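These notes concern the structure reproduced below.
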Amino acid sequence: MNEKTLSSQQTAFLLFMILLGGSYVHVPPTLAHQSAWLSALGGSLVGAYLILVLLHLQSLFPQTSLIRMSEKLLGKVPGKIVGLLYLWAVFIMAISLLQDNCIILVVMFPLLTCLFLRVTLISPAVYTIYKGVSSIGRLGELFTWLTLILTLLAFIITIPRVQPAFLSPLGNPAAIAKGVLQVAGWPFSMVGLLAFFLPLVNDLPDKKKVIYWWYLLAVVILVLKDVLIVGVLSPEILLSSRYPLLEVLRLDTFGGFQRVEMFFFLAWFMMSFFAMLAAYQCLALGGQALFSLSNYGFLVIPLGLGLVVFSLYTFQSDIDFVSLRVLTLPLNSLIPMLFVPTLLLVVAKFRNNL
């Protein structure tokens with residue numbers, strides 16, 4: 001396959017890994033308390049909407065990036081401004097995912113410094129992006145099946161510990177609505193990253209349905225994850241838990257093995273690193289489109305350095321980052337990811353009707 005193309009199957013794997021990697025070990029929508037799973041289900045409608053809009057835009061402008069679409073539909077200068085707004089959301093996602101990776105690695109390996117961890121994470125990402133977009137596609141194929149098997153195994157050994165009483169009664173509608181907003185912002189706004197990969201898909205018109213199927217599977221896993229976490233830990237403990245899924249897995253044993261969560265840490269790390277890698281790749285592709293470059297090679301290292309520096313100085317502490325993750329960062333991602341594709345689709349439809 002050409003180094004600049006992806007298949008629909010690879011793109012579906014990318015989406016699956018991005019969604020799980022962005023939310024696998026973090027607190028479910030705590031604003032909804034015991035109804036976290038219901039909020040996750042509601043928030044998934046936002047992701048489905050984004051897929052529908054982005055695929056429709058691709059059908060109107062085949063093999064055209066979102067930034068180029070905005071320039072064609074809105075004019076060069078307004079289009080670049082709108083493109084920058086979209087890239088801002090991607091940048092927020094990228095530094096958040098980098099911070100996610102560093103925080104959990106510090107928990108596991110407390111002697112390592114945050115700067116060392118950031119550089120260690122960015123370095124293989126730089127190499128992978130230099131190798132071409134199809135390298136990420138092949139990594140998605142490799143990682144998806146392994147993480148899916150490990151995730152299903154984790155769920156199977158956890159189900160017997162679920163207490164149905166912790167899942168009822170449902171929270172009040174206002175709390176559920178806040179939870180929907182929270183989970184729509186993270187992880188389901190990350191569906192917007194597809195905008196940078198879809199123009200590179202070589203069989204999209206014929207096989208785009210596979211993207212919907214893998215999105216549906218990701219939604220099922222995320223909803224089931226929230227059910228298991230709330231059902232095992234209880235809503236009260238969940239409020240004070242930082243990495244609830246790891247705490248749930250610490251309660252499990254498998255035969256004579258203890259510390260089962262360390263075994264599943266591999267699955268988490270692959271997904272979380274992959275999500276960060278995908279956001280980083282989107283920044284490179286977006287910069288290429290924004291500045292009309294023939295390739296993004298010379299942008300890769302400066303972008304990586306920027307992610308390291310901004311993630312170090314944007315979040316003054318882990319506590320500050322966790323508090324921002326509740327609603328501030330999700331809204332910074334959600335608003336541009338919803339606004340820009342919707343605006344472009346409306347303008348495109350209006351022009352077609354003239």
Side-chain angles (χ1 to χ4, degrees), residues 6 10-28 40 43-44 46-47 50-51 87 89-105 117-118 120-129 133 135-148 150-151 183-198 211 214-215 217-219 221-222 225 243 245-246 264-286 303-304 307-308 310-311 315 321 325 329-330 332-334 337:
L6 296 166
Q10 288 175 327
T11 308
F13 289 158
L14 284 174
L15 179 60
F16 179 81
M17 293 291 291
I18 288 169
L19 289 174
L20 268 62
S23 63
Y24 192 63
V25 297
H26 294 285
V27 179
S44 69
V46 172
L50 281 173
I51 295 176
L87 282 175
V90 178
F91 181 74
I92 292 295
M93 290 178 183
I95 62 172
S96 299
L97 289 163
L98 181 57
Q99 182 75 3
D100 281 343
N101 280 272
C102 290
I103 289 176
I104 190 65
L105 286 173
L117 289 171
R118 282 170 170 79
T120 302
L121 288 166
I122 286 294
S123 297
V126 168
Y127 174 77
T128 304
I129 293 172
V133 176
S135 296
I136 294 182
R138 289 191 292 269
L139 275 180
E141 290 177 315
L142 177 65
F143 286 174
T144 296
W145 294 109
L146 180 57
T147 54
L148 181 59
L150 290 175
T151 297
V183 78
W186 197 279
F188 289 110
S189 67
M190 296 179 71
V191 172
L193 295 178
L194 279 181
F196 298 94
F197 293 112
L198 290 177
I211 297 175
W214 278 92
Y215 175 75
L217 179 59
V219 170
I221 289 176
L222 292 175
K225 181 204 71 171
Y243 296 107
L245 187 56
L246 290 179
F264 294 106
F265 174 77
L266 174 64
W268 169 82
F269 183 76
M270 286 191 295
M271 288 186 286
S272 188
F273 175 79
F274 191 87
M276 183 204 72
L277 175 64
Y280 186 2
Q281 175 72 78
C282 289
L283 284 176
L285 290 170
L303 283 172
L307 292 177
V308 170
F310 274 92
S311 64
F315 309 112
F321 173 68
R325 275 293 302 269
L329 290 175
N332 272 275
S333 302
L334 179 63
M337 288 294 178

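Just so you know, these numbers come straight off a predicted model, no measurement behind them.
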A89 versus S333, closest heavy-atom pair with distance: CB-O, 3.9 Å

Rounded distance [0.5 Å steps], CD1 in I211 versus CD1 in I51: 7.5 Å

Report yes or no: does Y280 contribute a side-chain atom to a donor-acceptor pair with the main-chain N or O of L303 at less than 3.5 Å? no

Does the side chain of Q281 reach to within under 4.5 Å of the side chain of F197, using non-hydrogen atoms? yes

Chi angles and distances behind the side-chain contact (heavy atoms from CB on, under 4.5 Å) call for L285, V133: CA-CA 9 Å; L285 290 170; V133 176; 4.2 Å; yes

Working to the nearest 0.5 angstrom, can you tell me the gap between I95 CD1 and M276 CE? 13.0 Å

If you define the side chain from C-beta out and look only at heavy atoms, does anything of L139 sit under 4.5 Å from L277? yes

Gap separating the CG atom of L222 from the CG atom of L20, nearest 0.5 angstrom: 5.0 Å

Any side-chain heavy-atom pair of T120 and L105 under 4.5 Å: no

Does the side chain of N332 come within less than 4.5 Å of W186's, by heavy atoms? no

Under 4.5 Å between any side-chain heavy atoms of I136 and F274, yes or no? yes

Beyond-backbone contact of L97 with M190, side-chain heavy atoms, under 4.5 angstrom: yes

What is the distance from atom CG of L194 to atom CE of M337, rounded to the nearest 0.5 Å? 10.0 Å

Taking the side chain as every heavy atom from C-beta outward, state whether V219 and Y215 have any pair of such atoms under 4.5 Å apart. yes

For S135 and T128 the tightest heavy-atom approach is CB-O, 3.9 Å

Which heavy-atom pair separates C282 from L193 by the least distance, and what is that distance? SG-O, 3.6 Å

As an exercise, state the distance from CG of L6 to CZ of R138, rounded to the nearest 0.5 Å. 9.5 Å

Over all atoms of both residues, closest heavy-atom pair of F188 and L50: O-CD1, 3.9 Å

Roughly how far apart are K225 NZ and T151 OG1, rounded to 0.5 Å? 10.5 Å

Could you tell me if the ring centre of F143 sits under 6.0 Å from that of F273? no

Checking side-chain contact (heavy atoms from CB on, under 4.5 Å) for the pair F310/L98: CA distance, chi angles, key distance, verdict? CA-CA 10 Å; F310 274 92; L98 181 57; over 6 Å; no

So, does S311 use its side chain to make a donor-acceptor pair with the main chain of V308 at under 3.5 Å? yes

Of all heavy-atom pairs linking C102 and L121, the shortest is SG-CD1, 4.0 Å

From the list T144, T147, L150, side chain to side chain contact (heavy atoms under 4.5 Å, CB included) with M271 holds only for T147

Closest heavy-atom contact between N101 and S272? ND2-OG, 3.2 Å

Evaluate the side-chain proximity of F16 to I221: yes if any heavy-atom separation is below 4.5 Å, no if none is. yes

